[in-house]
Structures are given as C-alpha cells and as structure tokens.
Amino acid sequence: MSNARKIIIDTDPGQDDAAAIMLALGSPEEIDLLGITTVAGNVPLSLTARNARIVCELCNRTDVKVYAGAERPVARPLVTAEHVHGKTGLDGPVLAEPTMPLQEQHAVDFIIETLLAEDAGTVTLCTLGPVTNIALALTKSPEIAPRIRELVMMGGGFFEGGNITPAAEFNIYVDPEAAEIVFRSGIPIVMMPLDVTHRVLTHKARVQKIREIGSPAAIAMAEMLEFFERFDIEKYGTDGGPLHDPTVIAYLLRPELFTGRDCNVEIETTSALTAAMTVVDWWQVTGREHNAKVMRHIDDQGFFDLLTDRLARI
C-alpha cells in the first residue's frame, strides 16, 4: 500500500456514508484507510459507531479500526435525521449486529495521534458528517493543522441552497461552530456541496446495476439506496435521490470527474434565518482570502461507473 493515499474517514453512517466507506474499501490499491472515526449526526453516536462496523463487516474488513467520537455538537443540541435514514441510520436491508470491537480510544485522540505519528502532509481527512471531531481535535492540538494533507468534505451548498433549511445543508447545520473552526484553520479544504451531490442521482437503472453484482455488500447497498432515496424522490420529484457522501472518496480516486474553483467560504453562526449557511464567494466579490476549493460540477455517470466497479471488487 506504499503508493496508496492515507486517509481517515470521519462519518455518521447513514446509507450514503456506507456507500462512501464501501467505495474506499473497494479501492485498496489507491486508498489506505487508517481508521474510521464516528460522530453523532444522521443518528446518535451509539448508532453511527455501530453502523460503521456493520459496513466493515459487510466488506469483510474487520481489520479496519473504528473509533467513536463526539456525541453532541460543540455548542448546540444534537439534530438528527431519522426521517431520512430511518431509525437505525442504515434502514433498508436486514443487517446483523456487528461483532468486531469498537476501539476504546476516543476518535479525537486517534485523529491527533495519527496525524502526529504519520509524516506531515501525508494524511487526508475525509469528513462525511458534521465536523465536530475535527474541530475538537484542532482545538485540543492546533499543531496538527499544518500536518494535514487535505480535508475533503461533504457539506454546504450555495446555488442549490440547503436541504435541512432553505439556507443550510444538514452536515453544517448540525454543528456550524465546528465548521467555522475548520474553515478558519488553514487546512487545504475541498468542499463537496449540494451543488455537486444533487447531480448524482440513484436512478433505478444505476441501483439495479449495483444489485446485479450479487455480493452481500452490493445487495445490501442496493437495498439501502432504495430506502434512502424514497425521501428525496418525494421531496424533489426526481428519478432517484442524491448520493452525497461517496463524492468525497470519488474525488480522491478520480478528481478529473469534478470541476470547481478556489473560493472564500464563511459559516453563518448567528442568524436565526440563515444559520449554518455556507457563504461562498463564488464570484470573488469580497476580496476575502480563499480557504476552500468548492466543487460545482461532476460527471455523474462517470461517478456511478466508478462506484459500481469498486463495489464489484469487494
């Protein structure tokens, strides 16, 4: 794995988080997954820690270590999304309880320890949920910031608006104070907003191709997607729903699938009307320093071809 990209996945699974983890696990020549850290978000922490281990076991990767992290946001009560993901977060298939152990070390300490142990500039953080764990790690050990190669996140929106309020995307909405810490940290950030993820829709034909792989992991993923998409199909009136989180891993594997630009991104933390909005200076009108590469377009079929290919390798 010497040429593989070292990553930590920070996640709150979630069916689309499960797809992202599977995409990483199906790409061992290119992705060296150092560990999975979980955070409260789509469902509470006890379930996100459970769900990450279920996904690893589905992929026969019980060697991957899973660490539980923050059970609540930095400064707000927890908001969850069972109305989208179901009561377990992975509703859809019938899934066995995990047997692999949860690591005793706290996720924040694992992140800090790993970043200090690995060579500077070699570890990428992939955040699929609220960035509470990352903000806590930066607050506890600020010296880790310049050691991070890149932080690739699913979060925010601009032209597309929000999906939990008119202005806010869910991951940022859960913990905007954490997002503010991360965006002001100086870490190189790549942002996958709703503007990108709403272009990758789980059309019936795409889900069927995943099901036809025939492996336990692929069949479970197809059943997860069929459950997960029902909410967005009703909401948006589309054939299939957006598949948000795997865009993060897809970017590491095939960055040519994406186009975007360097921008300044600020997080609204005080307004009652637009709380957690990602204020993206797309047109460069403020003169504020760039702090993120914001993606806007994706080759959606290329993305699904990649996802299907890597699921078939599991």
Side-chain angles (χ1 to χ4, degrees), residues 7-18 20-21 33-57 64-91 95 97-115 125-142 144 148 151 153-156 163-165 168-183 185 228 244-245 248 267 269 275-276:
I7 73 168
I8 296 170
I9 292 179
D10 189 69
T11 179
D12 61 338
Q15 293 91 346
D16 56 330
D17 304 72
I21 294 168
L33 180 55
L34 302 179
I36 296 175
T37 55
T38 68
V39 65
N42 287 322
V43 287
L45 182 68
S46 61
L47 288 173
T48 62
R50 163 192 180 267
N51 293 349
R53 288 177 289 151
I54 286 174
V55 175
C56 290
E57 291 188 359
V64 177
K65 294 181 178 180
V66 177
Y67 303 81
E71 62 183 4
R72 63 179 63 87
V74 168
R76 300 179 185 235
L78 176 64
V79 176
T80 55
E82 289 89 347
H83 63 290
V84 177
H85 297 275
K87 64 180 181 180
T88 70
L90 294 182
D91 281 18
L95 298 168
E97 290 298 314
T99 59
M100 62 185 282
L102 182 66
Q103 300 302 304
E104 293 185 6
Q105 187 179 28
H106 194 280
V108 170
D109 294 324
F110 167 74
I111 291 168
I112 294 169
E113 179 182 286
T114 303
L115 289 169
L125 301 182
C126 299
T127 63
L128 313 180
V131 291
T132 312
N133 286 334
I134 312 305
L136 292 173
L138 289 167
T139 301
K140 186 174 183 178
S141 297
I144 66 174
I148 298 168
L151 187 150
M153 63 153 43
M154 191 278 129
N163 64 352
I164 187 70
T165 74
E169 178 274 329
F170 178 80
N171 287 343
I172 306 297
Y173 182 78
V174 171
D175 200 344
E177 284 77 16
E180 183 177 47
I181 290 170
V182 168
F183 275 94
S185 67
F228 175 61
H244 307 283
D245 292 331
V248 169
I267 309 298
T269 59

**Study point:** Distance in Å, Ile9 CD1 paired with Thr38 OG1, rounded so as to fall on 0.5 Å steps
**Key:** 12.5 Å
Practice item. State whether the side chain of Glu82 and the backbone N or O of Lys87 hold a donor-acceptor pair below 3.5 Å, judged by distance alone. Key: no
Practice item. Please report the C-alpha distance between Thr88 and Asp91 in whole Å, then the side-chain angles of each, then the deciding distance to 0.1 Å, and finally whether the side-chain hydrogen bond (donor to acceptor under 3.5 Å, both in side chains) criterion is met. Key: CA-CA 6 Å; Thr88 70; Asp91 281 18; 2.5 Å; yes
Exercise for review: Check whether any side-chain N or O of Thr48 sits under 3.5 Å from a backbone N or O of Val39 as a donor-acceptor pair, and report yes or no.
Suggested key: yes
**Study point:** CZ/Arg72: more than 12 non-hydrogen atoms of other groups inside 6.0 Å
**Key:** no
Review point. Quick one: are Pro73 and Leu78 in side-chain contact, heavy atoms under 4.5 Å?
Key: yes
Check your understanding: Which heavy atom in Gly69 sits nearest to a heavy atom in Ala107, and how many Å separate them?
Key -> CA-CB, 3.5 Å
Point to revise | Phe110 atom CZ, over 12 foreign heavy atoms within 6.0 Å | key: yes
Exercise for review: Might you point out which heavy atoms bring Ala70 and Thr132 nearest each other, and give the distance in Å?
Suggested key: CB-CG2, 3.6 Å
Exercise for review: Calculate, to the nearest 0.5 Å, the distance between atoms CG and CD1 belonging to Leu151 and Ile7 respectively.
Suggested key: 11.5 Å
Review point. What are the two closest non-hydrogen atoms of Met154 and Val248, and how far apart are they?
Key: N-CG2, 3.5 Å
**Study point:** Nearest heavy atoms of Ala168 and Tyr173, plus distance in Å
**Key:** CB-CD1, 3.9 Å
Check your understanding: Is a donor on one side and an acceptor on the other found under 3.5 Å between the side chain of Gln105 and the backbone of Tyr67?
Key -> no
Practice item. Flag the pair His85 / Thr80 as yes when at least one side-chain heavy-atom distance between them is below 4.5 Å, and no otherwise. Key: no
Review point. Would you say Asn171's side chain and Leu128's backbone share a donor-acceptor pair under 3.5 angstrom?
Key: yes
Exercise for review: State, with a plain yes or no, whether a side-chain heavy atom of Asp175 is found less than 4.5 Å away from one of Arg76.
Suggested key: no
Review point. At what distance, to the nearest 0.5 angstrom, does OG of Ser141 lie from CD1 of Ile112?
Key: 3.5 Å
Check your understanding: For Gly14 and Leu90, which heavy atoms make the closest approach, and how far apart are they?
Key -> O-CD2, 3.4 Å
Exercise for review: Give a yes-or-no answer on whether the side chains of Thr127 and Asp10 include a donor-acceptor pair shorter than 3.5 Å.
Suggested key: no
Check your understanding: Checking Asp12 side chain against Asn42 main chain: does a donor-acceptor pair fall under 3.5 Å?
Key -> yes
Check your understanding: Between Thr139 and Ala135, is there a donor-acceptor pair closer than 3.5 Å when you use the side chain of the first and the backbone of the second?
Key -> yes
Point to revise | Nearest heavy-atom neighbours spanning Val66 and Cys56 | key: CG2-SG, 4.3 Å
Point to revise | Nearest-0.5 Å distance, CD of residue Glu57 to CD of residue Glu97 | key: 9.5 Å
Point to revise | Sub-4.5 Å side-chain heavy-atom contact between Arg53 and Pro13 | key: no
Point to revise | Separation of His244 NE2 from Gln15 CD (nearest 0.5 Å) | key: 11.0 Å
Practice item. Report the distance from atom CG of Leu95 to atom CG of Asn51, rounding to the nearest 0.5 Å. Key: 8.0 Å
